[in-house]
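One structure is given below, encoded as structure tokens.
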Amino acid sequence: MILDITVVADCLLIQQRRRQLIDNQLVSANRRRFSHDYHVNDELLKLTYKPDKLQTRAEGPYRVLSVHTNGTLTIPLNPHTVERILIRRVKPYHR
């Protein structure tokens, strides 16, 4: 039903509340992240994408062969194969 009633909305208040929700979500997302600068010969674990219930969560450890400026690393999978992998798909390995 359409009624001829004026709508009173405080657009500035709505915008401020949305900005506050976005900032809170950003802080929450950043809290879960960890920062690490990878160097050659560092060890890392390769994370598994959507692992099953009993499947391992990560493979490795692998050694870093080279670090690239675009956020990727080169790691050897076996003596004849190397993989260039995004740093979001790995995590540092600590003994």
Side-chain angles (χ1 to χ4, degrees):
M1 177 184 290
I2 299 175
L3 299 175
D4 189 19
I5 300 174
T6 58
V7 177
V8 178
D10 188 1
C11 293
L12 186 60
L13 182 64
I14 293 171
Q15 183 180 9
Q16 288 173 352
R17 285 185 182 167
R18 284 184 182 166
R19 173 55 50 198
Q20 188 176 11
L21 283 173
I22 291 170
D23 290 343
N24 290 342
Q25 291 172 351
L26 181 64
V27 167
S28 174
N30 286 340
R31 206 176 302 128
R32 284 178 261 148
R33 292 192 176 130
F34 53 90
S35 65
H36 183 79
D37 292 329
Y38 292 96
H39 304 286
V40 176
N41 290 329
D42 281 352
E43 291 186 333
L44 57 88
L45 295 173
K46 182 176 154 185
L47 300 175
T48 305
Y49 177 71
K50 286 191 176 180
D52 291 332
K53 192 176 205 177
L54 298 176
Q55 187 179 0
T56 58
R57 304 282 184 218
E59 301 172 1
Y62 296 104
R63 288 205 175 269
V64 177
L65 293 180
S66 62
V67 180
H68 306 280
T69 57
N70 63 350
T72 57
L73 307 168
T74 303
I75 59 172
L77 296 180
N78 58 43
H80 305 289
T81 308
V82 294
E83 180 180 4
R84 197 163 175 171
I85 191 166
L86 191 67
I87 60 171
R88 290 184 176 190
R89 295 188 52 214
V90 297
K91 70 176 186 178
Y93 177 72
H94 303 288
R95 290 183 186 219

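Heavy atoms only: backbone and side chains are in, while hydrogens, waters and symmetry mates are out.
More than 12 heavy atoms of other residues, nucleotides or ligands lie within 6.0 Å of CG in Asp23, so this atom counts as buried by the packing criterion. Heavy atoms of other residues, nucleotides or ligands lying less than 6.0 angstrom from CD of Gln15 number 12 at most.
Pairs engaging residues 35-54 under the ring-ring contact (aromatic ring centres under 6.0 Å, His included) rule: His36-Tyr38 [sequence neighbours left out].
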Mind listing the side-chain donor-acceptor pairs of residues 87-95 below 3.5 Å, one per line with the distance, residues two or more places apart or on another chain?
residue	atom	partner	partner atom	Å
Arg95	NE	Glu43	OE1	3.2
Arg95	NH2	Glu43	OE1	3.3
Arg95	NH2	Glu43	OE2	2.9

If you look only at distance, which donor and acceptor atoms sit under 3.5 Å apart when one is on a side chain in residues 72-83 and the other is two or more places apart or in another chain?
residue	atom	partner	partner atom	Å
Thr72	OG1	Asn70	OD1	2.7
Thr72	OG1	Arg84	NE	3.2
Thr74	OG1	Ser66	OG	3.2
Thr74	OG1	His68	NE2	2.6
Asn78	OD1	His80	N	2.9
Asn78	OD1	Thr81	N	2.8
Asn78	OD1	Thr81	OG1	3.0
Glu83	OE1	Lys46	NZ	2.9

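Linking ILVMFWY side-chain heavy atoms closer than 4.5 Å, directly or via other members, places Val67 and Ile85 in a single hydrophobic cluster.
Atoms OG and CZ, on Ser28 and Arg33 in that order, are 10.0 Å from each other to the nearest 0.5 Å. Interatomic distance, CG of Asp10 versus CZ of Arg17, reported as 8.5 Å (0.5 Å rounding). We find the CG-CZ distance between Leu13 and Arg18 to be 11.0 Å, quoted to the nearest 0.5 Å. Distance check, rounded to the nearest 0.5 Å: CG of Leu21 to CZ of Arg19 gives 10.5 Å. Once rounded to the nearest 0.5 Å, the distance linking CG of Leu47 with OG1 of Thr56 reads 10.5 Å.
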* Full working for side-chain contact (heavy atoms from CB on, under 4.5 Å) between Thr48 and Arg57 -> CA-CA 5 Å; Thr48 305; Arg57 304 282 184 218; 5.8 Å; no
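Contact record, Leu86 with Gly71: CD1-O, 3.4 Å, taken as the closest heavy-atom pair. Residue Ile14 comes nearest to Ala9 through the heavy atom pair CD1-CB, 4.5 Å, listed as atom of the first residue, atom of the second, then distance.
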